[in-house]
Asks: 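Structure incoming, see below.
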Amino acid sequence: PPTNPPPTIPPPTIPPPTASLFGSLKTVMNGGIRNNGIMFEIETKQSIRLTSIDIHTPLREKIPVTVYTATGGLAGKEQDSSKWNKISSTTVMGNGDHQYTPIVLPIPLIIFAGTKLAFYVDTPSNFIPGPIRYSPSPSDAPTGSVFSEDDSVRIIVGTGNDPYFGTPYPNRIFNGQIHYAKYQPISF
């Protein structure tokens with residue numbers, strides 16, 4: 001009896017992804033002002049898992065940092081510690097001027113689409129001048145204005161701050177970047 005060769009089955013092909021699952025959003029690194037803290041907001045267009053925040057510091061030494069969040073933005077909360085939640089307290093090694101110094105969050109922060117969340121990165125008062133660099137915003141971009149954005153998130157102009165919810169200085173641009181992964185909840 002004649003035998004037929006087995007059919008040839010091509011290997012499966014996997015199409016390339018249409019968009020990256022990971023992202024980062026930068027602002028500027030020209031930090032003309034130094035202080036102990038910076039407050040800024042992010043607004044999410046898509047749900048994300050925030051994994052780290054990179055700050056700008058001229059120092060090349062260990063720096064204690066604390067990161068806080070406040071829902072609904074920072075307006076009216078700049079000096080009210082009761083409105084903020086501590087999400088990280090750690091020590092980072094400063095990478096020096098015009099280099100990113102990462103603050104890796106101990107637990108990634110899930111932020112759902114359509115959320116406005118304020119961040120406060122604070123350092124102790126024994127650093128004089130303060131170790132965090134930030135920039136004055138242009139006159140057409142006051143506190144609350146969008147400074148940088150991509151398809152997932154916006155970074156909003158905030159305030160420079162004296163240590164631990166001290167005097168806020170409006171119209172300040174966070175110098176650094178945020179790192180995230182796009183978040184898609186599992187549905188059953």
Side-chain angles (χ1 to χ4, degrees), residues 25-28 31-57 63-90 92 101-150 152-180 183:
L25 182 59
K26 299 176 183 179
T27 60
V28 293
I33 304 171
R34 284 178 65 174
N35 205 338
N36 291 84
I38 182 71
M39 290 184 181
F40 63 97
E41 299 171 359
I42 67 168
E43 291 179 351
T44 52
K45 301 176 191 180
Q46 299 180 22
S47 296
I48 64 168
R49 289 176 60 232
L50 186 70
T51 56
S52 65
I53 299 169
D54 295 350
I55 60 170
H56 182 194
T57 180
I63 307 165
V65 294
T66 305
V67 180
Y68 301 88
T69 61
T71 57
L74 65 88
K77 301 172 189 166
E78 296 91 341
Q79 292 184 282
D80 187 351
S81 64
S82 71
K83 303 289 185 193
W84 296 81
N85 297 305
K86 185 189 311 184
I87 63 166
S88 179
S89 186
T90 190
V92 298
T101 296
I103 303 168
V104 176
L105 300 180
I107 299 172
L109 188 62
I110 296 172
I111 309 169
F112 292 103
T115 299
K116 182 187 276 190
L117 192 63
F119 288 83
Y120 177 29
V121 180
D122 187 39
T123 61
S125 60
N126 61 320
F127 287 94
I128 298 173
I132 295 178
R133 282 200 184 275
Y134 52 82
S135 303
S137 62
S139 60
D140 62 343
T143 299
S145 301
V146 174
F147 183 78
S148 184
E149 69 181 304
D150 61 18
S152 298
V153 67
R154 295 180 179 106
I155 296 178
I156 310 298
V157 175
T159 62
N161 296 77
D162 286 339
Y164 195 71
F165 302 97
T167 303
Y169 302 93
N171 310 326
R172 300 298 188 250
I173 300 167
F174 160 68
N175 279 203
Q177 64 183 337
I178 61 172
H179 299 276
Y180 63 88
Y183 177 72

Asks: Any salt bridge (charged side-chain N to carboxylate O under 4.0 Å, His left out) pairs touching residues 72-89, not counting sequence neighbours?
Replies: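 Listed once each, the pairs would be none.
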Asks: Quick one: does any side-chain atom of T27 pair with a main-chain N or O of F174 as donor and acceptor, under 3.5 Å?
Replies: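 Checking the backbone N and O of F174 against the side chain of T27, a donor-acceptor pair under 3.5 Å is found.
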Asks: Go through the structure and list residues passing ring pair (Phe, Tyr, Trp, His ring centres under 6.0 Å) with F119, not counting sequence neighbours.
Replies: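 Checked F119 against ring pair (Phe, Tyr, Trp, His ring centres under 6.0 Å); matches are F40.
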Asks: Would you list the pairs meeting side-chain hydrogen bond (donor to acceptor under 3.5 Å, both in side chains) in which at least one residue belongs to residues 105-120, sequence neighbours left out?
Replies: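 Listed once each, the pairs are Y120-D122.
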Asks: Has S47 got a side-chain atom pairing as donor or acceptor with A113's backbone, closer than 3.5 angstrom?
Replies: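 The answer is yes, because a donor-acceptor pair under 3.5 Å joins these two groups.
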Asks: Ignoring hydrogens, what is the shortest heavy-atom contact between G73 and A118? Give both atom names and the distance.
Replies: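 Answer, listing the atom of G73 first, then A118: C-CB, 3.6 Å.
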Asks: Looking at every non-hydrogen atom in both residues, tell me the closest pair between L105 and L50 and how far apart they are.
Replies: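 Closest heavy-atom pair between L105 and L50: CD1-O, 3.6 Å.
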Asks: Minimum heavy-atom separation for V92 and T101, please, with both atom names.
Replies: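 The answer is CG2-CG2, 3.8 Å.
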Asks: Hey, could you give me the OG1/CD1 distance between T57 and I132, rounded to the nearest 0.5 Å?
Replies: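 The distance works out to 7.5 Å.
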Asks: Measuring from atom CD1 of I42 to atom CD1 of I111, what distance do you get when rounded to the nearest 0.5 angstrom?
Replies: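 Rounded to the nearest 0.5 Å, the CD1-CD1 separation comes to 3.5 Å.
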Asks: List the atom pairs, donor and acceptor, that lie under 3.5 Å between side-chain atoms in residues 139-147 and the rest of the protein, sequence neighbours left out.
Replies:
from: T143; atom 1: OG1; to: G158; atom 2: O; distance (Å): 3.0
from: T143; atom 1: OG1; to: N171; atom 2: N; distance (Å): 2.6
from: T143; atom 1: OG1; to: N171; atom 2: OD1; distance (Å): 3.3
from: S145; atom 1: OG; to: P142; atom 2: O; distance (Å): 2.8

Asks: Restricting to pairs with a member in residues 45-54, which pass salt bridge (charged side-chain N to carboxylate O under 4.0 Å, His left out), not counting sequence neighbours?
Replies: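 The answer is K45-E149.
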Asks: With salt bridge (charged side-chain N to carboxylate O under 4.0 Å, His left out) as the rule and sequence neighbours excluded, what pairs involving residues 157-175 come up?
Replies: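 Every candidate salt bridge (charged side-chain N to carboxylate O under 4.0 Å, His left out) pair involving residues 157-175 fails, so no pair, neighbours aside, qualifies.
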Asks: Which atom names give the shortest non-hydrogen contact between I173 and P136, and what distance separates them?
Replies: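 Looking at all heavy atoms of both residues, the closest pair is CD1-O, 3.7 Å.
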Asks: About how many Å separate OG1 of T71 and CG of N85, when rounded to the nearest 0.5 Å?
Replies: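 Answer rounded to 0.5 Å: 7.5 Å.
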Asks: Might you point out which heavy atoms bring N36 and P131 nearest each other, and give the distance in Å?
Replies: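 Here N36 and P131 meet closest at ND2-CD, 3.8 Å.
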Asks: Closest approach of L25 and S148, non-hydrogen atoms and distance?
Replies: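 Closest approach of L25 to S148: CD1-OG, 3.3 Å.
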Asks: Tell me which one of Y134, Y169, W84 satisfies side-chain contact (heavy atoms from CB on, under 4.5 Å) with M39.
Replies: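 Running side-chain contact (heavy atoms from CB on, under 4.5 Å) over Y134, Y169, W84 with M39 returns exactly one hit, W84.
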Asks: Would you compute the distance between atom OG of S82 and atom CZ of F165 and round it to the nearest 0.5 angstrom?
Replies: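 One gets 9.0 Å once the value is rounded to the nearest 0.5 Å.
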Asks: For the residue pair I55 and N175, establish whether any side-chain heavy-atom pair is separated by less than 4.5 Å.
Replies: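 They are not in contact (no side-chain heavy atoms under 4.5 Å apart), so the answer is no.
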Asks: Hey, what do you get for NZ (K26) to CD1 (I178), rounding to the nearest 0.5 Å?
Replies: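 Going from NZ on K26 over to CD1 on I178, the span is 13.0 Å.
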Asks: Between OG1 of T123 and CD1 of I63, what distance do you get to the nearest 0.5 Å?
Replies: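 Going from the OG1 atom of T123 to the CD1 atom of I63 covers 7.5 Å.
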Asks: Side-chain contact, heavy-atom cut-off 4.5 Å: Y164 with S125?
Replies: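 Y164 vs S125: side chains apart.
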Asks: Start with the C-alpha distance between D150 and Y180, add both sets of side-chain angles, then the distance that settles side chain to side chain contact (heavy atoms under 4.5 Å, CB included), and finish with yes or no.
Replies: CA-CA 12 Å; D150 61 18; Y180 63 88; 2.6 Å; yes
Asks: Would you say T51's side chain and P108's backbone share a donor-acceptor pair under 3.5 angstrom?
Replies: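 Here the side-chain-to-backbone pair does not exist.
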Asks: Report the residue from T66, V121, V67, L109 that forms a side-chain contact (heavy atoms from CB on, under 4.5 Å) with S88.
Replies: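 Testing each of T66, V121, V67, L109 against S88, the sole residue satisfying side-chain contact (heavy atoms from CB on, under 4.5 Å) is V67.
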